[in-house]
There are 2 protein chains.
Amino acid sequence: MEDQSAKKDNVTVQDVAREAGVSASTVSRYLTGVTGVSKIKQEAISRAIELLNFTPNVLAQSLKTGSTKTIGIITQDLGSPFFGEELKGVEHAISGTGYALLIVSGHWQSREEKDHAELLIGRRVDGIIIFTTTSSDKQILALSRQVPVVITGRRLDAMPRALGLAVDNELAAYEATRYLLSQGHRRIAHICGRLGQPDAEERLQGYKRALKEAGITVDQRLIASGDFTETGGVLAINQLLESRSPFTAIFAANDQSALGARLGLYRRGIRVPEEISLIGFDDLAVSNYMLPPLTTIRQPTFDLGRLAGQTLLSMLQGSTTPVVQPQFELVKRESVRRI
Amino acid sequence: MEDQSAKKDNVTVQDVAREAGVSASTVSRYLTGVTGVSKIKQEAISRAIELLNFTPNVLAQSLKTGSTKTIGIITQDLGSPFFGEELKGVEHAISGTGYALLIVSGHWQSREEKDHAELLIGRRVDGIIIFTTTSSDKQILALSRQVPVVITGRRLDAMPRALGLAVDNELAAYEATRYLLSQGHRRIAHICGRLGQPDAEERLQGYKRALKEAGITVDQRLIASGDFTETGGVLAINQLLESRSPFTAIFAANDQSALGARLGLYRRGIRVPEEISLIGFDDLAVSNYMLPPLTTIRQPTFDLGRLAGQTLLSMLQGSTTPVVQPQFELVKRESVRRI
DNA sequence: TTGTACGCGTTATCAT
DNA sequence: ATGATAACGCGTACAA
């Protein structure tokens with residue numbers, strides 16, 4: 001990682017100044033790129049920095065300037081492929097800007113999310129990005145009085161202090177169900193997301209609306225509980241099968257649920273899509289590797305993260321570019337068949 | 001997130017001291033829990049803190065004490081389920097300790113890993129954890145002269161400055177191949193990991209050793225290149241099939257490769273395990289949801305992260321508990337059949 | 001263009 | 001037990 005010199009890491013601007021034969025403030029000016037340092041001294045300072053292997057102490061800088069060049073991220077589950085992809089998006093957005101990411105997770109607990117938000121505030125992050133918050137809009141707004149906040153998974157506009165980025169979940173779920181309908185399915189089951197979370201609720205609503213508009217009465221026995229996890233998916237299959245209400249298709253609230261459902265079906269010897277059609281939501285990287293590859297509603301997950309990062313960055317600069325909400329897209333693969 | 005009071009966030013120990021009618025140093029003593037603050041003043045300070053909604057400025061604390069209570073993490077890919085699980089382990093290890101995680105990624109580029117390591121150093125992290133480093137032992141050792149380092153995916157013992165945690169990759173790969181052999185397979189293919197990475201190389205060696213010991217000459221046409229990704233897995237299948245050298249089983253260097261291989265096989269109409277047996281490495285959460293569920297070598301991924309976190313923490317405290325290296329385990333599921 | 005002096009918010013040393 | 005004072009490393013108004 002490092003090279004030759006035995007660095008003591010105690011080197012300060014003072015040391016550099018002494019070595020270069022200038023004052024500390026001149027070194028500071030050189031560092032911050034402010035106007036007015038003569039060519040000769042610039043080179044002397046540059047050499048001294050090289051020689052002493054000097055690295056500015058970011059803490060001292062932050063203490064002085066009030067900016068830590070750090071963005072706090074609250075995710076609900078560090079192991080989730082969905083949040084992982086969003087994380088990559090943010091990372092991409094801030095790469096090269098000198099910003100760093102302080103990452104915590106709320107584990108779907110409002111209390112933990114709140115505590116961790118305070119941890120981030122205590123560390124004086126310049127802004128916070130929350131992936132799928134478990135808090136209410138009101139709480140987010142309160143938080144945003146302390147520091148700019150961008151959330152994903154829920155729409156919200158309180159610029160320039162807070163912004164929520166999300167696809168239209170209700171409409172997307174409506175479209176997913178409509179697609180199943182268009183393929184001749186009439187008895188369509190739904191595996192819910194984590195109820196209580198707006199995105200899960202909205203997807204359920206979209207599902208119901210599509211059914212109603214098609215003149216189909218919603219059958220409660222075809223609505224299985226879930227929690228956005230694979231395990232929840234297999235449990236939902238059990239629930240659905242035990243209800244003894246027949247169905248030919250399933251709309252899962254997310255791909256992870258769909259993956260679990262797929263295994264549950266496999267265990268019972270039920271073929272997809274021959275006997276049951278399956279559609280998911282998110283389009284995770286692995287969904288294309290499922291057997292059969294999963295038909296799903298694509299969320300631009302990476303872009304969602306990138307957009308969140310870019311937006312927060314521009315909020316920090318005070319610029320106020322109008323943001324466009326991300327759009328979903330139906331990705332037709334092989335897990336749905338016409339009947 | 002927040003509650004009532006309109007906090008101005010400029011509140012310092014000075015303000016608290018004034019409000020409580022004591023000196024700043026007494027407030028500091030109260031904060032750090034050092035001996036010697038009278039009950040009466042303790043309560044006065046406590047009240048003042050509550051009233052002013054005071055939060056200590058961690059930056060100033062760090063500047064003064066020299067410890068940032070922050071651990072830097074270098075991962076290669078934030079979206080990877082493997083690293084995600086390790087991350088959760090670290091998170092678990094540090095939860096409740098007051099430490100926070102500054103996370104960057106190297107994207108499998110040595111150069112980027114080095115730059116990001118320096119970013120972390122510049123931010124004065126107390127220690128660094130690297131998931132599957134792309135650097136040489138020598139470089140790791142150099143880095144460890146600046147700050148304690150724990151790496152995973154490769155064994156290394158340079159306590160108390162640096163430690164590498166990993167399962168015995170060569171042995172694990174040997175066992176995986178032996179298992180295939182025990183099931184009657186003689187023509188076994190291997191999908192490599194990212195060659196150049198010690199863990200990938202060691203797995204390849206273990207595969208070869210098992211073959212040789214069984215009196216089977218290694219067929220280069222059955223060794224396909226890969227890079228630990230799903231895409232690499234499907235590409236490897238193409239490569240293997242084009243070589244026209246028959247095989248009845250595949251040992252993939254990791255589960256992601258196995259997942260890609262599974263899709264590649266599916267595309268060609270080749271059944272698993274009826275026609276081809278498949279074994280992976282890692283035991284990702286999704287591997288249990290593959291069709292058929294994947295037989296694989298289980299790495300205690302979460303525990304690897306947890307162990308890394310715990311070890312680093314104890315290094316920071318100067319304590320030197322001897323660490324035990326993590327162990328792998330063969331998980332038999334349904335992707336391998338006896339022939 | 002350059003240097004001096006001061007302050008960011010905290011902790012630690014030293015008296016008292 | 002408590003308070004005044006210095007110091008952590010840096011940026012910046014001000015003066016030169």
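All values below were derived from every heavy atom in this structure, side-chain atoms included, with hydrogens, water molecules and symmetry-related copies excluded. The chains referred to below are lettered A, B, ... by the order of the sequence lines, with proteins before strands, and numbering in each begins at 1.
Side-chain nitrogen and oxygen atoms of S23(A) include at least one within less than 4.0 Å of the OP1 or OP2 phosphate oxygen of dG3(C). Distances shown here put every side-chain N or O of Q61(A) at or beyond 4.0 Å from the OP1 or OP2 atom of dC10(D). In terms of phosphate contacts, S38(A) brings no side-chain nitrogen or oxygen within less than 4.0 Å of OP1 or OP2 of dT1(C). Look at S25(A) and you won't find any side-chain N or O under 4.0 angstrom from OP1 or OP2 of dT4(C).
Atom-to-atom, CZ of R29(B) to P of dA12(C) comes out at 11 Å; the value is rounded to the nearest Å. Across the protein-nucleic acid pair, L63(B) atom CG and dC10(D) atom P stand 9 Å apart, rounded to whole Å. If you measure from atom CG of N57(A) to atom P of dC8(C), you get 18 Å, rounded to the nearest angstrom. Atom-to-atom, CG of D15(A) to C1' of dC8(D) comes out at 13 Å; the value is rounded to the nearest Å. In this entry the distance linking CD1 of I49(A) with C1' of dC10(D) reads 13 Å, nearest Å. Atom-to-atom, CG of L59(A) to C1' of dG7(C) comes out at 17 Å; the value is rounded to the nearest Å. Between the CZ atom of F54(A) and the P atom of dG9(D) there is a distance of 10 Å, rounded to whole Å. Counting to the nearest Å, the C1' atom of dG3(D) and the CZ atom of R18(B) are 15 Å from each other.
Out of dC8(D), dT11(C), dG3(C), the shortest distance to the side chain of K41(A) is found at dG3(C). The side chain of K64(A) lies closest to dG7(C), out of dT2(D), dT11(C), dG7(C). Picking from dT12(D), dG3(D), dG9(D) the nucleotide with the shortest atom distance to the side chain of S28(A) gives dT12(D). Of the listed nucleotides (dG9(C), dT2(C), dT11(C)), dT11(C) has the atom at the smallest distance from the side chain of T32(B). Nearest nucleotide to the V22(B) side chain, out of dG3(D), dT10(C), dT2(C): dG3(D). For A60(A), the side-chain atoms get nearest to dC10(D) when compared with the rest of dT10(C), dC10(D), dT5(D).
Salt bridge status for E118(A) with K114(A): present, with a side-chain N to carboxylate O gap under 4.0 Å. Between R194(B) and D199(B), none of the side-chain N atoms (NZ, or NE/NH1/NH2) sits under 4.0 Å from a carboxylate O, so this pair counts as no salt bridge.
Heavy atoms of Q14(A) sit nowhere under 4.0 angstrom from any nucleic acid atom. If you check every strand for non-hydrogen atoms under 4.0 Å, T26(B) touches sugar and phosphate atoms only. Among the atoms of the strands shown, only primed sugar atoms or phosphate atoms (P, OP1, OP2) are found under 4.0 Å from some heavy atom of V37(A). Residue Y30(A) is out of contact with every strand shown, counting any heavy-atom pair closer than 4.0 Å.
L316(B) CG to S67(B) OG: the interatomic distance, rounded to the nearest 0.5 Å, is 8.0 Å. How far CG of L59(A) is from CZ of R124(B): 7.5 Å, rounded to the nearest 0.5 Å. The distance from the CG atom of L119(B) to the OG1 atom of T55(A) is 11.0 Å, given to the nearest 0.5 Å.
Other residues, nucleotides and ligands place no more than 12 heavy atoms under 6.0 Å from the NE2 atom of H92(A).
The base of dG9(C) has none of its N or O atoms less than 3.5 Å from a complementary donor or acceptor on the side chain of R124(A).
Residues V58(A) and G21(B) each lie close to DNA chain D; by heavy-atom proximity, the contact nearer the 5' end of the strand is made by G21(B).
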